[in-house]
Chemist: 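For reference, the structure I am asking about is given below.
A quick note: this is a predicted structure, and the numbers were derived from the prediction, not measured. Per chain, numbering begins at 1; letters A, B, ... match sequence-line order.
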Number of protein chains: 2
Amino acid sequence: MPSTRNELDAKDLAILELVQRHGDWSHAEIGRQIGLSVSAVNDRIRRLVADKTITSWAATIDPAALGLHLLAFVNVLIDRSEAIPTFTAAIGEYAEIQECHHLAGEWNYLLKVRVRTTAELERFISDELKAKLKVTRTFTTIALDSIKDTHALSVRP
Amino acid sequence: MPSTRNELDAKDLAILELVQRHGDWSHAEIGRQIGLSVSAVNDRIRRLVADKTITSWAATIDPAALGLHLLAFVNVLIDRSEAIPTFTAAIGEYAEIQECHHLAGEWNYLLKVRVRTTAELERFISDELKAKLKVTRTFTTIALDSIKDTHALSVRP
DNA sequence: CCTGAAAGAGAAGCTCG
DNA sequence: CGAGCTTCTCTTTCAGG
């Protein structure tokens, strides 16, 4: 078995472009758009999933419908290096953390956090990040509005 | 038609929790997990979509499979207010921009950008953001690694 | 990559607890 | 309100060329 991933041809890219925006379209619909038979689309999608080029399928939910009206970006600094493994291991457990990226530069991590209220954000930062996870310092920025918020990637030849 | 959205009960939340992580599961499978019949699941999901509680379905693609090896967060400052409508209108056109949030604080916007190389990032910032979109100043941070990167939301009663 | 047949899932109807 | 059941339709899956 090849450890290198197969190259993606133009039709694979066209499929990826469609499914990342319309994960609910039938293979027939996709095939119609890009000029492929249903089973060809089926074969390709199956290969892309086996490849792990497609890693998952998901429904996108409106945060407001769940009362998650506050979006914040929290920069995190952790001074003591022994606190880092605990921190990275715990991130997955927090449903309010949508993203956690390890950064180059002044701060260690950038968190994208969704909560209901500022009180909840305050509690999350104080009790969870600082108290439990031994975060040294944080710098938080509130998002007023999201112009764009997708996971769709740039699909180009 | 009611403009107010219906309240979500515990089973709606359970469905949302499942479909935001497993958008490809059949209604039968979902029903099995939460103790509902296929048609009950069917009805509820349909209502959640009509509601716009579920806004879309999507396949998640591994950025590395598309050669998008560089993730950067670009803080944007726009001094001249007349440049803002052009900026916000153009954001949607750029496939390399995954997210654009309007911020409270020192910077106007935070962009989450995925490109192939640092050269591409440089070109994007200089030619697109600064030259075309009249961005005054930028501050860019590179992500070394993503501990977590999901759109799944905190689903709680 | 296609055709063609079989299995499976979703949608809509209904009746019954 | 949801379960259960039937029927129809569309989709997915799997031969085999």
Chemist: Rounded to whole Å, please give me the gap between CD1 in A/I30 and C1' in D/dT11.
Modeler: 11 Å
Chemist: When the distance from CG of B/D24 to C1' of C/dG10 is rounded to whole Å, what number comes out?
Modeler: 16 Å
Chemist: Given atom CZ of A/R32 and atom P of C/dC2, what is their separation to the nearest angstrom?
Modeler: 14 Å
Chemist: On DNA chain D, compare the nucleotides closest to A/D43 and A/S26; which residue's is nearer the 5' end?
Modeler: A/S26
Chemist: Can you give each donor-acceptor pair under 3.5 Å made by side-chain atoms of residues 66-95 of chain B, sequence neighbours left out, with the distance rounded to 0.1 Å?
Modeler:
| residue | atom | partner | partner atom | Å |
| --- | --- | --- | --- | --- |
| B/T88 | OG1 | B/I84 | O | 3.3 |
| B/T88 | OG1 | B/P85 | O | 3.1 |
| B/Y94 | OH | B/E128 | OE1 | 2.6 |

Chemist: Just how far is it from atom CD1 of A/I30 to atom CD1 of A/I15, taken to the nearest 0.5 Å?
Modeler: 7.0 Å
Chemist: For C/dA9, does either OP1 or OP2 sit under 4.0 Å from a side-chain N or O belonging to B/H27?
Modeler: no
Chemist: Indicate yes or no for a side-chain donor-acceptor contact from B/K134 to the backbone of B/A131 under 3.5 Å, with no hydrogens or angles considered.
Modeler: yes
Chemist: Quick check for you: among C/dC2, D/dT12, D/dG2, whose closest atom lies nearest to any side-chain atom of B/D9?
Modeler: D/dG2
Chemist: Would you say A/S39 reaches C/dC1's phosphate, i.e. side-chain N/O to OP1/OP2 under 4.0 Å?
Modeler: no
Chemist: Report the nucleotide, chosen from C/dC2, D/dT12, D/dG2, that has the shortest atom-to-atom distance to any side-chain atom of A/A40.
Modeler: C/dC2
Chemist: What is the nucleic acid contact for A/V38, judged by heavy atoms within less than 4.0 Å: base, sugar-phosphate only, or nothing?
Modeler: base
Chemist: Taking a hydrophobic cluster as the set of Ile, Leu, Val, Met, Phe, Trp and Tyr residues connected by side-chain heavy atoms closer than 4.5 Å, whether directly or through intermediates, do B/F124 and A/V155 fall within one such cluster?
Modeler: no
Chemist: Has B/R46 got a side-chain N or O lying under 4.0 Å from the OP1 or OP2 atom of C/dA12?
Modeler: yes
Chemist: Of the nucleotides C/dC2, D/dG2, D/dA3, which has the atom closest to the A/S37 side chain?
Modeler: C/dC2
Chemist: Please report, rounded to the nearest Å, how far the P atom of C/dC2 is from the CG atom of A/L36.
Modeler: 5 Å
Chemist: To the side chain of A/N42, which of C/dG10, D/dT12, D/dG2 is closest?
Modeler: D/dT12
Chemist: Just the rounded figure in Å: distance from C1' of D/dG2 to CG of B/D12.
Modeler: 13 Å
Chemist: Rounded to the nearest Å, what distance is computed from the NZ atom of residue A/K11 to the C1' atom of nucleotide C/dC2?
Modeler: 12 Å
Chemist: Donor-acceptor pair, distance only, cut-off 3.5 Å: does the side chain of B/T55 make one with the backbone of A/D62?
Modeler: no
Chemist: Rounded to the Å, how far apart are B/R47 CZ and D/dC1 P?
Modeler: 9 Å
